[in-house]
Amino acid sequence: MNTGSDRGTNQSAADETTTEPGTGTGAEPGAEPGAGKSTGAGEGTGAGAAAETPHVSKAPAFIKARRTLHLSWQVGVFVVGLAVIAAGVAMLVLPGPGWVAIFAGLAIWATEFAWAHLVLRWTKRKVTEAAQKALDPKVRRRNLILTTTGLVIAGALIGFYLWKYGLVLPWDLKDQ
């Protein structure tokens with residue numbers, strides 16, 4: 001194992017990457033084929049290059065090294081993510097943070113499955129767009145007007161009911 005103590009201080013981190021025999025890439029040992037390759041479209045753009053890299057499993061290297069162990073790891077991740085999403089769906093009608101649990105389950109799936117990673121990235125983009133749209137002054141003004149109108153109508157209906165029947169619950173009313 002090379003600790004790098006015999007190297008000069010001016011060498012870059014790119015010089016320290018090792019090439020696996022027979023692969024021709026500087027990918028980590030145990031990484032999926034093509035994990036160290038770039039698509040070429042966004043090279044040198046920083047965040048753009050990171051977004052275009054292929055999805056790589058987050059499983060430890062010793063698990064990825066054995067096909068059956070990696071498959072069982074993926075089944076376990078799928079089952080845990082499914083349980084968290086099911087709990088989130090239940091919390092949509094029960095007390096609890098339902099949407100947070102659904103997104104957490106999707107994030108669990110995204111550690112192993114490329115399709116879940118794409119869905120999670122699309123969801124984050126849509127939530128960000130909705131948050132920006134909600135901060136638009138015209139949309140905020142419209143929402144305030146609609147909320148105020150709804151509260152005035154509800155107040156008028158409650159006032160009319162109290163004027164007509166008093167503090168009597170609707171199911172306790174006699175024939176009137």
Side-chain angles (χ1 to χ4, degrees), residues 28 30-32 35 38-39 41-42 45-64 66-176:
E28 289 184 29
E32 291 183 359
S38 176
T39 59
T45 59
E52 293 181 16
T53 58
H55 180 74
V56 179
S57 172
K58 303 285 191 279
F62 73 93
I63 290 177
K64 288 191 281 188
R66 292 168 187 81
R67 176 96 174 119
T68 56
L69 192 56
H70 191 227
L71 185 61
S72 52
W73 174 272
Q74 287 181 327
V75 168
V77 167
F78 183 81
V79 168
V80 169
L82 186 64
V84 172
I85 288 176
V89 169
M91 283 189 276
L92 289 176
V93 293
L94 299 172
W99 286 110
V100 173
I102 290 172
F103 294 139
L106 196 57
I108 291 170
W109 277 349
T111 63
E112 284 301 312
F113 306 109
W115 61 267
H117 184 74
L118 293 173
V119 170
L120 187 63
R121 195 168 51 193
W122 178 83
T123 305
K124 284 180 182 178
R125 189 175 66 245
K126 290 298 180 182
V127 166
T128 303
E129 289 173 7
Q132 291 299 321
K133 187 176 178 182
L135 294 176
D136 182 24
K138 290 180 182 178
V139 174
R140 289 182 66 195
R141 189 176 311 116
R142 184 200 64 203
N143 290 344
L144 282 172
I145 290 170
L146 289 173
T147 302
T148 304
T149 304
L151 288 174
V152 167
I153 291 171
L157 291 173
I158 291 171
F160 175 75
Y161 178 85
L162 290 175
W163 172 75
K164 180 82 172 163
Y165 302 109
L167 287 174
V168 178
L169 297 175
W171 48 86
D172 291 336
L173 289 176
K174 305 296 182 227
D175 291 333
Q176 293 185 7

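Throughout, residue positions are numbered sequentially from 1 according to the sequence presented. Side chains are part of it too, since the values below use all heavy atoms of this structure and drop only hydrogens, waters and symmetry mates.
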Quick one: side chains of residues 124-139, donor-acceptor pairs under 3.5 Å with protein atoms, not counting sequence neighbours, listed by atom name and distance.
from: Thr128; atom 1: OG1; to: Lys124; atom 2: O; distance (Å): 2.8

All pairs passing ring pair (Phe, Tyr, Trp, His ring centres under 6.0 Å) where residues 137-157 contributes a residue, at least two apart: none

With sequence neighbours excluded, residues passing ring pair (Phe, Tyr, Trp, His ring centres under 6.0 Å) with Phe62: none

Pairing residues for Trp122 by the ring pair (Phe, Tyr, Trp, His ring centres under 6.0 Å) criterion, not counting sequence neighbours: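 With neighbours one apart ignored, the set is empty.
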
Pairing residues for Leu106 by the side chain to side chain contact (heavy atoms under 4.5 Å, CB included) criterion, not counting sequence neighbours: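 If we apply the side chain to side chain contact (heavy atoms under 4.5 Å, CB included) test to Leu106, skipping adjacent residues, the hits are Trp109, Ala116, Val119, Leu120, Thr123.
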
Contacts of Leu94 that satisfy side chain to side chain contact (heavy atoms under 4.5 Å, CB included) - sequence neighbours left out: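 Expected list: Ala90.
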
Point-to-point distance, once rounded to the nearest 0.5 Å, from [atom1] of [X] to [atom2] of [Y]:
{"X": "Trp73", "Y": "Thr68", "atom1": "CH2", "atom2": "OG1", "value": "14.0 Å"}
{"X": "Leu71", "Y": "Arg66", "atom1": "CG", "atom2": "CZ", "value": "14.5 Å"}
{"X": "Ile108", "Y": "Leu82", "atom1": "CD1", "atom2": "CG", "value": "10.5 Å"}

Which atom of Gly88 lies closest to which atom of Ala101, heavy atoms considered: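 The pair with the smallest heavy-atom distance is CA-CB, 3.5 Å.
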
Expected output: side-chain Glu112 to main-chain Ala59 donor-acceptor under 3.5 Å: yes

Donor-acceptor contact below 3.5 Å, side chain Ser72 vs main chain Leu69: yes

Contact check, side chains of Met91 and Trp99, non-hydrogen atoms, under 4.5 Å: no

Trp163 atom CH2, over 12 foreign heavy atoms within 6.0 Å: no

